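To keep things clear, I will list the structure first and then write my remarks on it.
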Protein chains: 2
Amino acid sequence: MGVKQDIRVAVDAVVFGYESKNNLSVLLIKRGIEPFKGEWALPGGLVMNDESLEEAVERELKEETGITIDYLEQLYTFGKPNRDPRNRVVAVTYFVLVKPNHFTIKADTDAADVKWFNLKELPKLAFDHQLVLDTAKERLKSKLSYQPIGFDLLNDEFPFSDLEHLYMTILEKEIDRRNFRKKMLSFGIIEETDKIEKIGSGRPAKLFRFNKVKFQQLTVNNFHFDIKFV
Amino acid sequence: MGVKQDIRVAVDAVVFGYESKNNLSVLLIKRGIEPFKGEWALPGGLVMNDESLEEAVERELKEETGITIDYLEQLYTFGKPNRDPRNRVVAVTYFVLVKPNHFTIKADTDAADVKWFNLKELPKLAFDHQLVLDTAKERLKSKLSYQPIGFDLLNDEFPFSDLEHLYMTILEKEIDRRNFRKKMLSFGIIEETDKIEKIGSGRPAKLFRFNKVKFQQLTVNNFHFDIKFV
DNA sequence: CCAAAAGTGTTAGGTGTACACCCATGT
DNA sequence: ACATGGGTGTACACCTAACACTTTTGG
C-alpha cells in the first residue's frame, strides 16, 4: 500500500470582533517559534490525539488568547502539500465571533504577543493565513444576510445604530437606516429594553436585545431570517 | 510537548445522481475489508503524502467507482476521536454531483461492489457515514435555492419538466409548474434548443440548456440566482 | 376520442425601495 | 440656538402566489 501516511492535523481560528463604527477586527498572534518566527498568524496548533477538533480550537484559543467564544463554526479545511515548510499539515479552520464584552486578552504561554488588528490595517500573515482570513471574511459577509450572527459581535444590549453600522461595515455598503430598522424589527426577534444609553452628543438611544429563544421558536415554524440590500 | 500526534487523514465523497422523477440516488461501495466488511459505505480512503485533498477524492472515485465528476466542493470535516475503530481518522468529506450521462460504473479494485441507492431505500451505513450523508443532503437542499447546481444533475439538454421534478424531489415539496418555469426562465440563463424529446405518452417536450457562460457574466454584474418556494 | 404530459396569463396582495423631516439631548 | 445623532411614515414599483384551460402527441 505504498509509504506510510505522514500528515499532521492542525486547527486554526479566525476570530472576529467589532467595537465601534467601522472597526471590525481579527485576533492575531505573533509567532514565538520558527517557521515565520516574529510574524503574525492566526491562533491555532496541532490537535491532540484524544480531543475533538472543536476542543482543540477552544483549548488553543484559551491558551493563546484568553478570549471567550460567543460563536464558533467550522470554516474550511486547507490541505495542499507544502502549506507548512516543515511537514505536511492539514489545517481545519474555524470561524469565531466574540462580543466586545469578551475581548479581554492575556498573552501567557507560547504566543509572544496577541493583538486585535483592524481589517483595514493588517500585517502580512504567516503560512497561507491570508487565504484563510479571506475565506472567513466571505463567510461572515454572506452569513450576515441569512443568519442572525451579527448579534454575536455586539453586547447583549445594544443601540440600534450599532447594528446598522455593523451591517454597513461588514457588507461594505451604505444601507438606508429607515428600511433597515423596519425590516429588522419586522422579524419580531429583537426586543426593546427599558434602558437608554447616552454617549457623546445627540439624542440618547434606546437599547435593544436579541431574543434568541423567540428566534429558535420561529425557525422551527419555518421562519427564515433574511436581510438583503441592493 | 506530550505524545507524538497519531492521526490519519482520509477523504470521503457523497456522490449524488438523479435519473427520473423522484429518483435521487447516492453512490455507495460495499466494503471488501474490515472494519465493517460487507457493509455499505461512502467511497473514500486515506490521503497520500504528496497529493492534495481534491486529488485524493478524484483518485478514489476513479479507482473505486469509475464515474465522471460534474461538480465537486468540500462538504465538512469530521474529526471526533473514535470515528474509526482502528485508528483516529479525520475525514475531509466532499460533495459531488454527477449527470446521468456519467453514471457508468466499473467495480474493479478494492471495492467489492458499487451501487446507486435511491435516497429513500438506503441500507445501514458504515462508520458515521449516515451523518455525513445527512450533512450532504442538507447542503444539496440549501444550495439548490441559491446556486444553479441542479444543472449538474441533469444532462446538458433536458426537458423543463425534469428540472421541475428535480427541484420537487430534492426540496420535498410541491412547486407550482407555471410559477417555477416563469421564474427560472426570467433569469435568462436557460436557453431553448431546437430539439424535441418524445418519450412515453403526452405532448413532446422542447429541450433546454443551461448557459453557464451567461450565468457567469451575470454573476459578475451582481446577479444572484435565487429561487425559493413556500 | 381519450389519456397523458407540455405549454401558457392574469390578478391581487405583499414586499422592497426611495426618500425627508422632527425629536431629545449636551454645549 | 445649534450641533449631533435618534426616531419615524408614505407612495410607487415590483415581485410573489394563487389559480385552470388549451395544445400536442400516442393509443
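Every value quoted in this text rests on a predicted model; they were computed, and no experiment measured them. Residue numbers begin at 1 in each chain, while the letters A, B, ... track the order of the sequences.
- Glu164(B) has its CD atom 18 Å from the P atom of dA4(C), to the nearest Å.
- The shortest distance between the side-chain N/O atoms of Lys206(B) and the OP1/OP2 oxygens of dT24(D) is not below 4.0 Å.
- Between Asp176(B) and Gly202(A), the one whose closest nucleotide on DNA chain D sits nearer the 5' end is Gly202(A).
- In this structure, CG of Leu163(B) is placed 15 Å from C1' of dG7(C), rounded to the nearest angstrom.
- Side-chain atoms of Gln130(B) and Asp134(B) include a donor-acceptor pair closer than 3.5 Å.
- Counting atom types as modelled, Lys198(B) pairs no side-chain N or O with a base atom of dT24(D) as donor and acceptor under 3.5 Å.
- For the pair Ile227(A) CD1 and dG16(C) P, the interatomic distance rounds to 9 Å; values are reported in whole Å.
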### Criterion side-chain contact (heavy atoms from CB on, under 4.5 Å) on Arg59(A) and Lys62(A), from CA distance to verdict
CA-CA 5 Å; Arg59(A) 177 178 51 75; Lys62(A) 200 166 165 186; 5.8 Å; no
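- In this structure, His224(B) places its NE2 atom 17 Å from C1' of dC15(D), rounding to the nearest Å.
- In this structure, CE of Met184(A) is placed 16 Å from P of dT8(D), rounded to the nearest angstrom.
- The CG atom of Asp226(A) sits 12 Å away from the C1' atom of dT15(C) (whole-angstrom rounding).
- Toward the 5' end of DNA chain C, the nearer of the two residues Arg177(A) and Arg203(A), judged by each one's closest nucleotide, is Arg177(A).
- Taking every heavy atom of both residues into account, Ser52(B) and Glu55(B) meet most closely at N-OE1, 2.8 Å.
- The nearest whole Å value for the distance from the CD1 atom in Ile199(A) to the C1' atom in dG26(C) is 14 Å.
- When ring centroids are compared, Phe215(B) and Phe187(B) stay outside the 6.0 Å threshold.
- Place Asn179(A) and Ser161(B) on DNA chain C by their nearest nucleotides, and Ser161(B) ends up nearer the 5' end.
- Put simply, CZ on Phe180(A) is 17 Å from C1' on dA18(C), counting in whole angstrom units.
- Along DNA chain D, the nucleotide nearest Lys183(B) and the nucleotide nearest Arg178(B) are compared for position; the residue whose nucleotide lies closer to the 5' end is Lys183(B).
- In this model, a side-chain donor or acceptor of Lys182(B) finds a partner on the base of dT10(C) within 3.5 Å.
- In terms of phosphate contacts, Arg181(B) brings a side-chain nitrogen or oxygen within less than 4.0 Å of OP1 or OP2 of dT8(C).
- Across Asp162(A), Asp70(A), Asp156(A), a single residue satisfies salt bridge (Lys or Arg N to Asp or Glu O under 4.0 Å) together with Lys99(A), and that is Asp156(A).
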